[in-house]
> 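If you scroll down you'll find the structure; I have some questions about it.
A note on names: the letters A, B, ... follow the listed sequences, proteins ahead of strands, and every chain is numbered from 1.
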Protein chains: 2
Amino acid sequence: MTSVPSWANVDERRNLPPALAVSTVILGIRPGVEGGPDKLCLPLVRRIRQPHAGMWALPGGPVDARESLGQAAGRTLAGTTGLRPNYLEQLYTFGDIDRSPTHRLVTIAYFALLHVDQVGATVQDPNVAWFDIDDPAIAQLAFDHRKIVDYALWRLRNKTEYGQIAHRLLGERFTLAALRGVYEAILGRRLDPANFRRTLNSTASIEATDEYLAGGKHRPPRLYRYVGHGPDPLEVDPLHG
Amino acid sequence: MTSVPSWANVDERRNLPPALAVSTVILGIRPGVEGGPDKLCLPLVRRIRQPHAGMWALPGGPVDARESLGQAAGRTLAGTTGLRPNYLEQLYTFGDIDRSPTHRLVTIAYFALLHVDQVGATVQDPNVAWFDIDDPAIAQLAFDHRKIVDYALWRLRNKTEYGQIAHRLLGERFTLAALRGVYEAILGRRLDPANFRRTLNSTASIEATDEYLAGGKHRPPRLYRYVGHGPDPLEVDPLHG
DNA sequence: TAAATAGTGTCTCTTAGACAATATCGT
DNA sequence: ACGATATTGTCTAAGAGACACTATTTA
């Protein structure tokens, strides 16, 4: 290795075909402390190579010739973080010429959601860490990854009205209060418990169970379950259709 | 050239990195005949090379190393059809392993809208033609392009509620009846003229002008103009942001 | 029984849609 | 005047949100 890496030669770089990679924004929900609101959070990996060595970045990697794009996203995020999301959706493809200082890089961004019980359960590695979505430490990320994160959040907020998203951040069974907490974390504002309940009851994709959650300090809430519809075409892959 | 092309060798193919291309679904509106409803239509190009030679396909081509993805979409659609859309938006990236029978092909699909006066005005070329969206002749297209068209239509239908789309299919000034025709063509159903008018008047992105459209057989309708908001983040590129 | 959350009832306001009625052009 | 479309008015039903109220548990 020389002190001037070969990729610094712009002329050479321009003759290479674009490299193809995937990156994934993995979002989970973290219960609020002391009655505070729940928080959206995500795992990031620290880059150990140039460019942007030392900076936090989205998990990802190159697309192998024998795997689909969604498989590449799932493989690379599992390889770096050890996580197994239950939801994966293609977000957008970023291909501006100068988004990497070293080479022409086209990145297909994905968007994953994790159940609460997986949040924080990443591999033991100092180069993998969780951040709250509003943590100032991640105001800057490698490449244009901050833009990708912001776009994922925008998509998440604009999709909640369709339902089908918030419960992917919870487990199989959940209380309406927990579900409301998820919506509040996503939308960033308080929701009226009464109206929230009525709205979801009319949704028909949420179903009451016979069970109640005991152990709280107060009246035990009923547990609900999600019964899904089909997803929107192409919006969900490859775990679904 | 041999009778067995080199790309038929699967082992060889698997060692190649994915090829990167763009394809664009270009949609326009065609006035209905005899008082019938307006129709959505699109230009297609006939493939002159393998694979799928002779089949109709979306305009597109490979991504050059020195252009952005949106620029590649604009360049390739202009090169094949001669059209200049006023709206271009990234749709989705298709990368299934077997979507091309000959090689691993990753295609970033774009979605463009044309003003009415450009509909039908393509280059003189027997390998370029316009089709109504419900024309049975395009039930089958090359590659997975039919799936891409269907996805573009789905996006268009689910976006009309945001406004800002239908008038990109018309010119600068338009009557409310023309705009209603566009919505009816997209949604595939009749809309009440009175309610449509009221809804748009409250939208504030549609503004009445002082002009009226003369020359009709009946009472001349007022002309309106679109006054845009900012687009949603990343949903619009590269002509905008 | 007090505190806290679960859950219900009711009211208002906005909006989508059905549909009647009026306005204004060309012929 | 007539036909056709433009434009306005009115009514109803459904949904979102504010908010008072009741229910049921633990401490």
> To the nearest angstrom, how far is B:L176 atom CG from D:dT7 atom P?
7 Å
> Can you list the residues that meet the salt bridge (charged side-chain N to carboxylate O under 4.0 Å, His left out) rule with A:R46, with sequence neighbours excluded?
none
> Would you call B:D38 and B:R30 a salt bridge, taking side-chain N to carboxylate O under 4.0 Å as the test?
no
> Could you list the residues that satisfy salt bridge (charged side-chain N to carboxylate O under 4.0 Å, His left out) with B:R198, not counting sequence neighbours?
none
> Restricting to ring-ring contact (aromatic ring centres under 6.0 Å, His included), what partner residues turn up for B:W56, sequence neighbours left out?
B:F131
> For each nucleotide in nucleotides 15-27 of chain D, reading 5' to 3', give B when a protein heavy atom comes within less than 4.0 Å of its base, S when such contact involves only the sugar-phosphate, and - otherwise.
--BBB---BBBS-
> Applying salt bridge (charged side-chain N to carboxylate O under 4.0 Å, His left out), can you list everything that pairs with A:R173, at least two apart in sequence or on another chain?
A:E211
> Distance-only criterion, 3.5 Å: show the donor-acceptor pairs between side-chain atoms of residues 22-29 of chain A and protein atoms not counting sequence neighbours.
none

> With A:R180, which residues qualify under side-chain contact (heavy atoms from CB on, under 4.5 Å), at least two apart?
A:A177, A:E184, A:L191, A:P193, A:F196
> When you list every nucleotide of DNA chain C with an atom under 4.0 Å from a heavy atom of chain B, which one comes first 5' to 3', and which comes last?
C:dG17 to C:dG26
> Could you pull out all residues at least two apart from A:R219 that satisfy salt bridge (charged side-chain N to carboxylate O under 4.0 Å, His left out)?
none
